[in-house]
Amino acid sequence: MPLARVRMTLPAFVEALGAGVHVIDTGFNRPRFDAAYLLVNEGRAAFIDTGTNFAVPRLLAALDALGLTRDAVDWIIPTHVHLDHAGGAGLLMREVPGARMLVHPRGLRHMVDPSALYRGALAVYGEAAMARDYGRLVGVDAARATTTHDGMLIYVGGRRLRFADTPGHALHHHCLWDEASAGWFTGDTFGLSYREFDDARGPWILPSSTPVQFDPAALRTSVARLLEARPRCMYLTHYGRVGEVERLAADLLVMLQDMVDIGQALRHAPQRHAKLREALFAMYLRSLRARGCRFDAAECATLLEMDIELNSQGLGVWLDRQ
Ligand SMILES: [Zn+2]
């Protein structure tokens, strides 16, 4: 009897990338802005980043669509505890009772008791935006969480993955190496690359210096360490899989140095935050125009608004820490 060919119809927000890797659009901010990944091997599964609470129905729908029960999920792995990556992790842990969380040691206490994370974000975004974008954060039972360390190995089915401690974007950031697809799950360590900017010259990338732990020297070292594995691709949270890793790394490091130079030049400037915003946006526009970007300045400003603001804030915090 011929084997029935299983044809799975995936929801529009799930894309199968091959090799058991699925990217899920969490819906945060705009389409294809914020990703969660579902890695499936031999019937076992892991989520890498979760998006916010509002992403959890999508993550569960992705499991359903792939014919996986909730018991198939062994691991829930936030790359770091910023809310667009881990805001939904506690709620997801509740829905997937057999899973363990793997979290960077510096992020563990924030996952167990998210009140400080919530207060920090509240100070930046305000009540209305917190309710709209993040909802109430759910703490994780400490008994279900394991901290990671550099070089730590985990398995999804028989598939081996390795953690690397990657400070620079945040001190609570690790990346996860997938040998089978020769790709890193990079969180925000390998910057941001929005699909809207893709063109004949390939993807465009920019570094992320979200407050409050941006450290350009550490970030440079972390990017270099990722390259040592000779990756064929990077799985970015913002957004999706990119190839051309060597070229993107070079572009990323050039822009990182430009950011540092901008920060140093404006260190003592009056109205520094506004000037940092202006200078960063001008830098992004120069880089985009050099490749013949099809968007005008206003469209670029709209697509990059959140990063212009967060990167300026993060650069400011770094300057004050010097
Ligand atoms: Zn982040």
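As the structure lists them, so they are numbered: ligands from 1, and atoms in each ligand from 1. Scope of the values below: all heavy atoms of this structure, side chains included, with no hydrogens, waters or symmetry mates.
- Of the N and O atoms on the side chains of Arg195 and Ser193, at least one donor lies less than 3.5 Å from an acceptor on the other residue.
- Among the atoms of His169, an N, O or S atom falls under 2.8 Å from the Zn ion (ligand 1).
- Residue His85: no N/O/S atom is found under 2.8 Å from the Zn ion (ligand 1).
- In the model, Tyr37 has no side-chain atom that pairs as donor or acceptor with a side-chain atom of Asp178 under 3.5 Å.
- With respect to the salt-bridge test (charged N to carboxylate O, under 4.0 angstrom), the residues Arg225 and Asp150 qualify.
- Using a 3.5 Å distance cut-off with no hydrogens or angles, the side chains of Ser115 and Asp113 do pair a donor with an acceptor.
- Closest approach between the Zn ion (ligand 1) and any N/O/S atom of Asp188 involves OD2.
- Taking the Zn ion (ligand 1) as reference, the nearest N/O/S atom within His82 carries the name ND1.
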